[in-house]
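One structure is given below, encoded as structure tokens.
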Number of protein chains: 2
Amino acid sequence: MSGDLNLEFAIAIIAIVFFFVGTYLNKKSFQKHSKVSTEINHKKIKALEISKREYEVLLGISEGLSNKEIGEKLFVSESTIKTHVSNLLSKLNAKRRTQALQIAKDLQII
Amino acid sequence: MSGDLNLEFAIAIIAIVFFFVGTYLNKKSFQKHSKVSTEINHKKIKALEISKREYEVLLGISEGLSNKEIGEKLFVSESTIKTHVSNLLSKLNAKRRTQALQIAKDLQII
DNA sequence: AGTCTTTTGGTACTAAAGTATGAATCCTAT
DNA sequence: ATAGGATTCATACTTTAGTACCAAAAGACT
């Protein structure tokens, strides 16, 4: 009787342990995949020769800010932002800031 | 000896079964969560009183199209698109189309 | 038929975005 | 020190975007 109880207990332990091993490994796998799909592709940013400041402007655009507002946020003039935006658009091959957003999301750089 | 072999075999089976039970349940849970976070909130669209046509225009904006291009896509004039955009902005409480995109994403309506 | 919403579109305007060009200043690596 | 990229900013200009207002036409509902 006591032997059977020990056996059942052991089986239960094994079941529980492997249940959690299964969930843990699966979770890791999912995290890896979701990370890949949401991670920012810094290599592409470099490959497109987008500068640090230009990237900050791009983020401002994605927040829905106007050129003036981006300038206030980064403590520079609206003229400067216009220059950055113009260069950004040509680097992203976009005609408008909304298209730049779409392309940047597609390239996973924002 | 044969008893021990059977026991080991049983334990292995149990381990494997519960391993897969663990991965299966975990997968289901993850799918559920990822679905919730990417699903479009039709109730909010209705609550904001965004019409069908206005929503189509919103999608055009999210594709990075100009008003003229959206008009060509939907076979209506640019004037009509301007009207829709203007109404859309006030319904979304946005000042610009880029801000409308940001808000719409936040509300999970695009 | 009549009402209500949606969709359409025009005019006239203001505001914002975007281009082109030139130039000064700042950083950085050699 | 200096060459080269990055950042800054201005002027002048063209193009889009956005607002305000009005009004006709189309659909849906009772």
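By convention in this document, chain letters (A, B, ...) are assigned in the order of the sequence lines, proteins followed by strands, and residues within each chain are numbered from 1. Just the heavy atoms: all of them, side chains too, but no hydrogens, waters or symmetry mates, feed the values below. Given the structure is predicted, the values throughout are model-derived calculations rather than measurements.
Residues of residues 91-101 of chain B that place a heavy atom closer than 4.0 Å to DNA chain D, in numerical order, are B:Arg96, B:Arg97.
Atom-to-atom, NZ of B:Lys68 to P of C:dG18 comes out at 17 Å; the value is rounded to the nearest Å. Atoms OH (A:Tyr55) and P (D:dA6) sit 17 Å apart, rounded to a whole Å. Taking atom CD of residue B:Glu49 and atom P of nucleotide C:dT6, one finds them 7 Å apart after rounding to whole Å. Taking atom CG on A:Leu65 and atom C1' on D:dA17, their separation rounds to 17 Å, with Å as the unit. When rounded to the nearest whole Å, the span between CD1 of A:Ile81 and P of C:dT19 equals 15 Å.
Between the side chains of B:Ser77 and B:Thr80, at least one donor N or O sits under 3.5 Å from an acceptor N or O.
Every residue meeting the side chain to side chain contact (heavy atoms under 4.5 Å, CB included) condition with A:Leu107, not counting sequence neighbours, appears here in chain and number order: A:Lys44, A:Leu48, A:Leu92, A:Ile103, A:Ile109.
Taking 4.5 Å as the limit, every side-chain heavy atom of B:Gln108 sits out of range of all side-chain heavy atoms of B:Glu39. Between A:Lys46 and A:Lys43, every side-chain heavy-atom pair lies at or beyond the 4.5 Å cut-off. Counting heavy atoms from C-beta outward, A:Leu58 and A:Val85 have side chains that stay 4.5 Å or more apart. Using a 4.5 Å heavy-atom cutoff, the side chains of A:Ile61 and A:Ile110 are not in contact. Side-chain atoms of B:Ser51 and B:Glu54, non-hydrogen and from C-beta on, do get closer than 4.5 Å to each other.
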Can you tabulate the close N/O pairs, meaning under 3.5 Å, that link protein atoms to atoms of nucleotides 7-11 of chain C?
residue: C:dT7; atom: OP1; partner: B:Arg53; partner atom: N; Å: 3.2
residue: C:dT7; atom: OP2; partner: B:Ser51; partner atom: OG; Å: 2.3
residue: C:dT8; atom: OP1; partner: B:Arg53; partner atom: NE; Å: 3.1
residue: C:dT8; atom: OP1; partner: B:Arg53; partner atom: NH2; Å: 2.9
residue: C:dT8; atom: OP2; partner: B:Arg53; partner atom: NE; Å: 3.0
residue: C:dT8; atom: OP2; partner: B:His84; partner atom: NE2; Å: 3.0
residue: C:dG9; atom: OP2; partner: B:Ser77; partner atom: N; Å: 2.7
residue: C:dG9; atom: OP2; partner: B:Thr80; partner atom: OG1; Å: 2.9
residue: C:dG9; atom: O5'; partner: B:Thr80; partner atom: OG1; Å: 3.4

Between N or O atoms, less than 3.5 Å apart, protein on one side and nucleotides 26-30 of chain D on the other: list the pairs.
none

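When hydrophobic clusters are built by joining Ile, Leu, Val, Met, Phe, Trp and Tyr residues whose side-chain heavy atoms come closer than 4.5 Å, directly or via intermediates, B:Ile13 is grouped together with A:Ile13.
Taking only side-chain nitrogens and oxygens, B:Asn67 comes nearer than 4.0 Å to OP1 or OP2 of D:dA17. For C:dT19, one of the phosphate oxygens OP1 or OP2 lies less than 4.0 angstrom from a side-chain nitrogen or oxygen of A:Ser86.
Sorted by first and then second residue, the pairs that involve residues 96-109 of chain B and meet salt bridge (Lys or Arg N to Asp or Glu O under 4.0 Å), not counting sequence neighbours, are A:Glu69-B:Arg96.
The backbone N or O of A:Asn87 lies less than 3.5 Å from a partner atom in the side chain of A:Ser90, making a donor-acceptor pair. In this structure a side-chain-to-backbone donor-acceptor pair under 3.5 Å is missing from B:Ser86 to B:Thr83.
Where A:Leu89 and B:Lys82 meet DNA chain C, the nucleotide closest to each residue was compared, and B:Lys82 sits on the side nearer the 5' end.
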*After noting the C-alpha distance and the side-chain angles of A:Glu63 and A:Lys73, does the key distance pass the salt bridge (Lys or Arg N to Asp or Glu O under 4.0 Å) rule?*
CA-CA 12 Å; A:Glu63 288 168 20; A:Lys73 192 175 183 180; 2.6 Å; yes

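The minimum heavy-atom distance between B:Glu49 and B:Lys91, with the atom names listed, is O-NZ, 2.7 Å.
Rounded to 10 degrees, the angle separating the terminal helix axes of the helix from C:dA1-D:dT30 to C:dT30-D:dA1, each built from five base pairs, is 60°.
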